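Not measured: the values here are computed from a predicted model. Naming convention: chains lettered A, B, ... in sequence-line order (proteins, then strands); numbering from 1 in each chain. As a basis for the values below, the full set of heavy atoms in this structure was taken, side chains included, without hydrogen atoms, waters or symmetry mates.
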Protein chains: 4
Amino acid sequence: MNSVNLIGRWTRDPEMRFTQNGKALTKVSIAVNRTFGEGADFFEVVIWGKIAENTAQYTKKGSKVGIEGRLQQETWEKDGQKRSKVVIVAERVEFLDNKNSQSNNEIDGFQAIDDDDDIPF
Amino acid sequence: MNSVNLIGRWTRDPEMRFTQNGKALTKVSIAVNRTFGEGADFFEVVIWGKIAENTAQYTKKGSKVGIEGRLQQETWEKDGQKRSKVVIVAERVEFLDNKNSQSNNEIDGFQAIDDDDDIPF
Amino acid sequence: MNSVNLIGRWTRDPEMRFTQNGKALTKVSIAVNRTFGEGADFFEVVIWGKIAENTAQYTKKGSKVGIEGRLQQETWEKDGQKRSKVVIVAERVEFLDNKNSQSNNEIDGFQAIDDDDDIPF
Amino acid sequence: MNSVNLIGRWTRDPEMRFTQNGKALTKVSIAVNRTFGEGADFFEVVIWGKIAENTAQYTKKGSKVGIEGRLQQETWEKDGQKRSKVVIVAERVEFLDNKNSQSNNEIDGFQAIDDDDDIPF
DNA sequence: TTTT
DNA sequence: TTTT
């Protein structure tokens, strides 16, 4: 079992690229406010596939999102030394902003929740 | 282990009362939209203590919230028959609405996320 | 967002059948012990596909499992009255028993954790 | 919202100390097997208070546990450079081993699940 | 209806 | 009984 749930805001614009296999990969980082008003924690988020594309297209720095995913340890070498860090692989991303939100029918794989009264859900 | 995380909207105004022990108890129900735009699921939510008071005071029918909690089975008797249902005991409630959101410093036990554009990211 | 994580034991043997579409569907219920030793909560669990088959094959009444999934509201009519209940749709099931545990290579879609003493930690 | 749920095994003995405030603090790391049998991810875990004491006393390297908690970013300076890493602050720890498991009445704050048939639950 |  |  490996399950993570967060609500926060992107601290920068999501950056999407396509891997050699043609799969979309978006990287972004999230600020999660602490419960008792003392600052935030910042985590790196990795998103694959259609959700990666939607996130890059419909959200930006400052966007509020809810994410469901799992923790992953990324490892690499630098100067002959093994390094590692923890990232969140998001398997679902939910737009929580007014401006950016879209209907579920328009954006595949997203669950948008709107605040505007004039949007025809 | 017993952990639940939801984002949705209250389907009615939260109803708060105080138990005989003087502890605040709020009951409300939440609509959680499904991932692929086909309707919603509706769950009952129970909240205790200071968070119960804040929820009753600062949210209402239609308010968007994120909740962390656990599943609980409530049992009772009706017409001599045992009945039971599943409710969510919310241990944290996060306001996700513009209108209702307050700073973490103002509302004890809540993590509010503002939609203002002046966030220092 | 709709995410549930539980650890508990099946209170009865998992019952599997195939739907008209040929998809495996397993129903079972789980007992989740409360944190402070005062009894348990009982929830219904629904599992689809290959995981449904594996659960039916490799677990039974009393088996200890960890499950990741989501809450779902089931509705039906009885005596002309609308009835509804909450079930957990398990998207991952992890075997936590010695006897039943199998390697990840043997059972597709499962993450088994063995109790053997020869783990290379 | 910031919620993490993991099942895995300690990769080393939990190390407990008391902070200047007299609060118990246990550090340990966990190996979480991946879903499809390809290795594991390793995360650092921090535990406070009574649960920290129980974890240090009743579990050891190789112990299987379920943890509920939250993600936290730890930051420090090294060689004048800001460094940071992600750790899991465990708010609940559930013993999943036969050998180590104890009844809920004996160990405060733990939910133990036994595999032995001869333990009088 | 309930697991250990 | 249901939110947007």
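With sequence neighbours left out, the side-chain contact (heavy atoms from CB on, under 4.5 Å) criterion links B:Val86 to B:Leu71, C:Phe43, C:Val86. For D:Glu91, the side chain to side chain donor-acceptor pair (under 3.5 Å) partners are D:Arg70, not counting sequence neighbours. In this structure, the side-chain contact (heavy atoms from CB on, under 4.5 Å) partners of C:Lys78, at least two apart in sequence or on a different chain, are C:Trp76, C:Arg83. Applying the side-chain contact (heavy atoms from CB on, under 4.5 Å) criterion to D:Ala56, with sequence neighbours excluded, gives D:Met16, D:Thr26. For C:Thr19, the side-chain contact (heavy atoms from CB on, under 4.5 Å) test picks out C:Arg17, C:Asn21, C:Lys23, C:Leu25, C:Trp48, with sequence neighbours left out.
Rounded to whole angstrom, the span from the NZ atom of B:Lys64 across to the C1' atom of F:dT2 amounts to 18 Å. Nucleotide F:dT4 holds its P atom 15 Å from the CG atom of B:Leu96, rounded to whole Å. Between B:Asp13 atom CG and F:dT2 atom C1' there is a gap of 12 Å when expressed in whole angstrom units. For the pair C:Arg12 CZ and E:dT1 C1', the computed distance is 9 Å after rounding to whole Å. Rounded to an integer number of Å, the gap from CZ of B:Phe43 to P of F:dT3 is 16 Å. Remark: P of F:dT3 and CG of C:Leu71 are 20 Å apart, rounded to the nearest angstrom. Nucleotide E:dT3 holds its C1' atom 14 Å from the CD1 atom of C:Ile7, rounded to whole Å. Put simply, CD1 on B:Ile30 is 13 Å from P on F:dT4, counting in whole angstrom units.
Using a 4.0 Å cut-off on heavy atoms, the residues of residues 72-82 of chain B that approach DNA chain E are B:Gln73, B:Lys82, listed by number.
Between F:dT1, E:dT3, F:dT3, one nucleotide has an atom nearer to the side chain of B:Arg9 than all others, and that is F:dT3.
Evaluation of B:Phe42 against the base of F:dT2 yields a stacking contact (centre distance < 5.5 Å, interplanar angle < 30°).
A salt bridge between C:Lys85 and C:Glu44 is present, with a side-chain N of the basic residue lying under 4.0 Å from a carboxylate O of the acidic one.
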